[in-house]
Amino acid sequence: MRRSSQTMIHKPPPLTVAKVLETFRRIAKESGKNSKEKKKNHVRALLVAACDCEPKYLIRLLLKDKLRIGLSELSLLEALACAAAYAEKHSVSCGSFQSDLSKAVDVLKGVHSMVPVYERIVPALLDGGVWNLADTCSFSLGIPCEPMLSAPAKSVSEIVNRYHGIEYTCEYKYDGIRAQIHCMDDGSIRIFSRKLECCTNQYPDVILAVKRLKRVPVKSCVLDCEIVGYDSEQMKILPLQKLMTRGRKGVHVDNIKINACIFAFDLLYLNGQSLLQEQLKIRRKLLKDSFEVETGILQFATALDSSNLDEIQVFLDKAVNASCEGLVIKTLSVDAAYEPGKAKWVKLKKDYLESMWDSLDLVPIGAYFGKGRRTAFYGTFLLACYDPDKEEFQTVTKAGTGFSEEVLKEHCQILSSKMIPKPKPYYRHISGKTTPDVWFEPSEVWEVKAGGLTISPVYCAGSDILNSNKGFSLRNPTLIRPREDKSPEQATTSKQIAEMYFRQWQGNPHMPPDDEEINS
DNA sequence: AGTGCCTGCCC
DNA sequence: ATTCTGC
DNA sequence: GCAGAATGGGCAGGCACT
């Protein structure tokens, strides 16, 4: 890079916003052989033309996600809102300007969660102003709104207490992929992911199902649902890991190996009208009137309308037994509108309940340097279980959450003193894929909770129990506490981990794929 | 053709 | 996804 | 209560290299 700028004879013209945008688009489009080199050249050209503070911001823009200067989408919306409020300062006279400002921000936030497309928001803003924006720019067919979210609850009693005296429903929380399905007036279908990506082409089978099972009076609608892997032979839900193996590009119905079942739970739009403001009670009724059910193809989320603690507890157990993650609790009439992007529903997963979660005692045998606020600390620890037969520690997972900064600091200090230059001969891991920055003597034992067990291509816990080259790992590992009463050799064993894995699919005859069955 | 590595997207 | 932290 | 920033497993896809 330096060389090329030195040999440059003419200074390139100054950068413009349009030019930068255009180059970014080119970088995005570049593909195929040597595309990396070509992308590099685009970046080089930008940096060569940049002056003053421009390189800094270019780099920050190129470091995906955010500007990394504290400017997030929210700040952008606030800026837009302020601009609009200033522009209309004299047209509104009620209340203080400060309160107008914050009202404008609320309007922008609300509108953006329903129509997350600046190309729609800005023209509407310029056209009708902020105070009409909610009307001039609202939820519309073909454009996904942010999905409504749920906040975690720690117990059934927490639910019962919070919603005392009001109507609510408990639905199975399916372990699949959230989808918002738009049925357009012309009969076409569009599917959007939780992050609003268009994934229409990924689910031709889902599209056929929706078209076939949509009732005649439904001209247009928007479904909120979970797409779940389904074994049509055994009529059982498949693990998410299976569903995820489906192709993502150029998918044709005939080549689909993993079937998908739609579990619908909400209807956001029907025949030209937004239903977002309707109570769930109404939306659910309209949903059920709008579609035929076909087992394993399109079903409604299993639900229980009850306020009884014991009934809900039993229902939660049933959900877990049916290979679901737990329950989602939703009010039916009070405060029961669909609020895009807001976490007004409540989720109750088995991993939140101390009595139900999977807990393992694992040994930190390595660590990785942290980033950002964890610079100068370890950000992550490599954890292992113990195999008493082979007398070796086998890697299971990394863990980087569940401790406060203070506790993290302590762990870092203690473990630093146990650092060793090379892994012990009795450490088993898959080199390359999970090699940590530093290795430790086996000394600590930590209790870790998990939202379930997975089959892993990179960890080797219990790998000789599986036929393939794979081992077991953890989903959503979280540190709970040090087990000062345990020595490393008393850590959870690989055999125990294997048992946990198979136990989680009891009640569901579908076992892991053939090549992953237990060695005999 | 096969492998390894990285990214982007699911959770 | 979960969790913690600062506002 | 919320937003932001740390961090997790794992999949397909795509490029580079052998």
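Here is how names work: the chains are called A, B, and so on, in the same order as the sequence lines, proteins then strands, and each is numbered from 1. Hydrogens, waters and symmetry mates play no part in the numbers below; they use all other heavy atoms, side chains included.
If you check every strand for non-hydrogen atoms under 4.0 Å, Arg373(A) touches a base. Within the 4.0 angstrom heavy-atom criterion, no nucleotide atom of any strand lies near Leu243(A). Across all strands shown, Tyr352(A) has heavy atoms under 4.0 Å from sugar-phosphate atoms exclusively, and none from any base. Lys39(A) comes within 4.0 angstrom of nothing in the nucleic acid, heavy atoms only. Nucleic acid contact class of Gly370(A) (heavy atoms, under 4.0 Å, all strands): sugar-phosphate only. Using a 4.0 Å heavy-atom cutoff across all strands shown, Lys433(A) reaches no nucleic acid atom at all.
Nucleotides dT3(B) and dG6(C) have their P atoms positioned 48 Å apart, rounded to a whole Å. Taking atom C1' in both dT3(C) and dC6(B), the straight-line distance is 27 Å, to the nearest Å.
Classification of Glu22(A) and Arg26(A) as a salt-bridged pair holds, one side-chain N sitting under 4.0 Å from a carboxylate O. Under 4.0 Å is where a charged nitrogen must lie from a carboxylate oxygen, and between Asp358(A) and Arg503(A) at least one such pair does.
Rounded to an integer number of Å, the gap from Lys257(A) NZ to dA12(D) P is 11 Å. Distance Ile27(A) CD1 to dG8(B) C1': 17 Å, rounded to the nearest Å. Between the CD1 atom of Ile227(A) and the C1' atom of dC11(D) there is a distance of 16 Å, rounded to whole Å.
Of the candidates dC10(B), dG8(D), dT5(C), dT5(C) carries the atom nearest the Ser404(A) side chain, counting heavy atoms from C-beta on.
Residue Ser193(A) places at least one side-chain N or O under 4.0 Å from the OP1 or OP2 atom of dC10(B). Residue Thr454(A) has a polar side-chain atom (N or O) positioned under 4.0 Å from OP1 or OP2 of dG10(D).
Glu405(A) is linked by a salt bridge (charged side-chain N to carboxylate O under 4.0 Å, His left out) to nothing, counting only residues two or more places apart in sequence or in another chain.
Heavy-atom neighbours of Glu354(A) CD from other residues, nucleotides or ligands within 6.0 Å: at or below the threshold of 12.
Judged by closest nucleotide on DNA chain B, Lys36(A) is the one of Met244(A) and Lys36(A) placed further toward the 5' end.
For Arg248(A) against dC11(D), a side-chain-to-base donor-acceptor contact under 3.5 Å is present.
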